[in-house]
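Computed from a prediction, not measured in an experiment: that's the story for all the values here.
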Amino acid sequence: MSERIMKMDRNDKSILIRALHARYRTLKASGQPCEEVGRLILRIDATDPGCLRLEEADYLLARNALNDLRNQRIASGGYTDAADAALANLLRAKVPFRLFGHTR
């Protein structure tokens with residue numbers, strides 16, 4: 001299973017939760033399962049700014065949610081600076097180095 005570590009500050013945390021919340025509302029309104037998004041929102045909210053560990057499914061969910069938020073703001077003529085910064089930090093998330101099964 002692949003894992004990524006994102007360096008996250010307060011702004012990234014806020015915009016990521018906002019993007020995931022928009023995805024949660026969309027899924028809930030359409031009647032699709034939204035528990036995975038809800039769990040990710042709660043986990044991000046409980047994480048202090050610093051390093052956020054994301055499994056591959058969570059990484060893809062966060063990436064798509066940030067991209068959707070960015071596209072929505074572009075369509076409405078709003079600013080995308082915060083979404084761009086959070087998306088850039090997420091895309092720079094590193095896979096941890098493992099030496100003989102241990103995380104370094």
- Message: I need the full list of side chain to side chain donor-acceptor pair (under 3.5 Å) pairs touching residues 81-97, with sequence neighbours left out, sorted by first then second residue.
- Response: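 Counting only pairs at least two positions apart or across chains, the side chain to side chain donor-acceptor pair (under 3.5 Å) contacts touching residues 81-97 are Asp12-Asn89, Arg70-Asp84, Thr80-Asp84, Asn89-Arg92.
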
Cluster overlap [X] with [Y], hydrophobic side-chain contacts below 4.5 Å:
{"X": "Leu40", "Y": "Leu91", "answer": "yes"}
{"X": "Ile17", "Y": "Leu42", "answer": "no"}
{"X": "Leu60", "Y": "Met8", "answer": "yes"}

- Backbone of Leu27 reached by a side-chain donor or acceptor of Ser30 within 3.5 Å: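 Present.
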
- Output yes when a side-chain donor or acceptor of Lys28 lies under 3.5 Å from a complementary backbone atom of Cys34, and no otherwise.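 The answer is no, because no donor-acceptor pair under 3.5 Å joins these two groups.
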
- Task: Quick one: do Ile5 and Leu52 satisfy side-chain contact (heavy atoms from CB on, under 4.5 Å)? Show the steps, please.
- Result: CA-CA 6 Å; Ile5 299 175; Leu52 174 65; over 6 Å; no

Do you know which two heavy atoms are closest between [X] and [Y], and how far apart they sit?
{"X": "Tyr79", "Y": "Arg73", "value": "O-CD, 3.3 Å"}
{"X": "Glu36", "Y": "Ala57", "value": "OE2-CB, 3.9 Å"}
{"X": "Ile15", "Y": "Ala82", "value": "CG2-O, 3.9 Å"}
{"X": "Pro49", "Y": "Arg10", "value": "CG-CG, 3.9 Å"}

- Task: For the residue pair Leu90 and Leu54, establish whether any side-chain heavy-atom pair is separated by less than 4.5 Å.
- Result: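 In short, these two side chains touch, coming nearer than 4.5 Å.
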
- Task: Any chance you could lay out the salt bridge (Lys or Arg N to Asp or Glu O under 4.0 Å) test for Asp58 and Arg53, step after step, and finish with the verdict?
- Result: CA-CA 9 Å; Asp58 295 338; Arg53 292 181 174 273; over 6 Å; no

Would you give the length of the straight line joining atom [atom1] of [X] to atom [atom2] of [Y], rounded to the nearest 0.5 angstrom?
{"X": "Met6", "Y": "Cys51", "atom1": "CE", "atom2": "SG", "result": "10.5 Å"}
{"X": "Asn11", "Y": "Leu16", "atom1": "CG", "atom2": "CG", "result": "12.0 Å"}
{"X": "Tyr59", "Y": "Glu3", "atom1": "OH", "atom2": "CD", "result": "13.5 Å"}
{"X": "Ser14", "Y": "Asp45", "atom1": "OG", "atom2": "CG", "result": "10.0 Å"}

Which pairs would a plain distance check flag for residues 18-25, meaning a side-chain donor or acceptor within less than 3.5 Å of a matching protein atom at least two apart in sequence or in another chain?
residue: His21; atom: ND1; partner: Arg25; partner atom: NH1; Å: 2.8
residue: Arg23; atom: NH2; partner: Asp68; partner atom: OD2; Å: 2.4

- Can you check side-chain contact (heavy atoms from CB on, under 4.5 Å) on Thr47 and Lys13, steps first, answer last? CA-CA 9 Å; Thr47 303; Lys13 180 178 178 178; 5.5 Å; no

